[in-house]
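Quantities reported herein were computed from a predicted structural model and do not represent experimental measurements.
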Amino acid sequence: MEKSIYSAEYQQVCELLRQLRHEAGLTQVQVAEALGVPQSFVSKYESGQRRLDVVELRHVVDVLNTTLINFMESLEGRWKMG
């Protein structure tokens with residue numbers, strides 16, 4: 001199991017978070033404001049420079065108008081497709 005933030009699996013996490021943000025019609029600044037964090041926080045987790053723990057991920061997906069369960073189901077689909 002690769003633990004790097006640069007693993008292919010983690011890059012798919014980042015890609016899905018970016019995609020969901022775009023689909024929600026939100027900028028990084030808007031997401032950051034909703035979370036009460038700097039815009040750089042959003043930029044870093046979207047680019048893979050920072051990992052999110054499960055609590056942070058739950059807050060992020062909530063802002064992106066989805067649920068943790070839906071996020072994980074989408075991610076599982078991506079992982080299965082390779």
Side-chain angles (χ1 to χ4, degrees):
M1 175 173 59
E2 189 176 353
K3 294 186 179 183
S4 168
I5 60 173
Y6 302 107
S7 70
E9 286 178 326
Y10 198 73
Q11 290 304 310
Q12 289 176 328
V13 170
C14 299
E15 289 171 17
L16 182 54
L17 288 169
R18 279 191 303 274
Q19 177 187 333
L20 291 172
R21 179 175 58 77
H22 288 289
E23 288 174 2
L26 298 170
T27 66
Q28 288 184 350
V29 171
Q30 290 169 317
V31 172
E33 287 174 353
L35 294 170
V37 297
Q39 176 271 331
S40 62
F41 176 87
V42 178
S43 175
K44 286 180 181 177
Y45 74 67
E46 283 191 358
S47 66
Q49 296 176 30
R50 184 192 191 288
R51 281 189 181 258
L52 295 173
D53 67 31
V54 69
V55 174
E56 292 169 328
L57 180 59
R58 183 186 171 278
H59 291 294
V60 169
V61 298
D62 186 50
V63 169
L64 300 177
N65 300 315
T66 192
T67 65
L68 196 51
I69 291 171
N70 288 340
F71 178 81
M72 292 307 298
E73 287 174 347
S74 295
L75 192 56
E76 280 292 325
R78 286 173 181 243
W79 286 343
K80 286 179 182 177
M81 290 177 19

Report yes if the side chains of [X] and [Y] come closer than 4.5 Å at any heavy-atom pair, otherwise no.
{"X": "V29", "Y": "V42", "answer": "no"}
{"X": "E46", "Y": "C14", "answer": "no"}
{"X": "E56", "Y": "R50", "answer": "yes"}
{"X": "L52", "Y": "L17", "answer": "yes"}

Discussion item. I'd like to know if E73 pairs up with R78 as an ion pair, taking the criterion as any Lys NZ or Arg NE/NH1/NH2 lying under 4.0 Å from an Asp or Glu carboxylate oxygen.
Written reply: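 Salt bridge absent between E73 and R78.
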
Worksheet entry | Check: N70 main-chain N/O paired with S74 side-chain donor or acceptor under 3.5 Å |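 Yes, because the side chain of S74 sits within donor-acceptor range (under 3.5 Å) of the backbone of N70.
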
Item to complete: Identify whether NZ of Lys or CZ of Arg in R51 sits under 6.0 Å from the centre of the six-membered ring of Y10 and within 45° of that ring's axis.
Response: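 Yes.
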
Hydrophobic clusters here meaning ILVMFWY residues chained together by side-chain heavy-atom distances under 4.5 Å, can you tell me if [X] and [Y] are in one?
{"X": "M72", "Y": "V61", "result": "yes"}
{"X": "I69", "Y": "L16", "result": "no"}
{"X": "V55", "Y": "V31", "result": "yes"}

Item to complete: Output all residues satisfying ring-ring contact (aromatic ring centres under 6.0 Å, His included) with F71, sequence neighbours left out; order by chain, then residue number.
Response: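 Residues passing ring-ring contact (aromatic ring centres under 6.0 Å, His included) with F71: none at all.
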
Worksheet item: Can you list the residues that meet the side-chain contact (heavy atoms from CB on, under 4.5 Å) rule with S40, with sequence neighbours excluded?
Response: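 Once residues adjacent in sequence are excluded, the partners of S40 under the side-chain contact (heavy atoms from CB on, under 4.5 Å) criterion are P38.
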
Supply the atom-to-atom distance [X] [atom1] to [Y] [atom2], rounded to the nearest 0.5 angstrom.
{"X": "L64", "Y": "H22", "atom1": "CG", "atom2": "NE2", "answer": "10.5 Å"}
{"X": "R58", "Y": "T67", "atom1": "CZ", "atom2": "OG1", "answer": "10.0 Å"}
{"X": "E15", "Y": "R18", "atom1": "CD", "atom2": "CZ", "answer": "5.5 Å"}
{"X": "K44", "Y": "Q28", "atom1": "NZ", "atom2": "CD", "answer": "12.0 Å"}

Between [Y] and [X], is there a side-chain donor-acceptor contact under 3.5 Å, judged purely by atom types and distance?
{"X": "E23", "Y": "Q19", "result": "yes"}
{"X": "W79", "Y": "Q12", "result": "yes"}
{"X": "Q49", "Y": "S47", "result": "yes"}

Worksheet item: Do you know which two heavy atoms are closest between N65 and A24, and how far apart they sit?
Response: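 Heavy-atom minimum between the residues: ND2-CB, 4.0 Å.
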
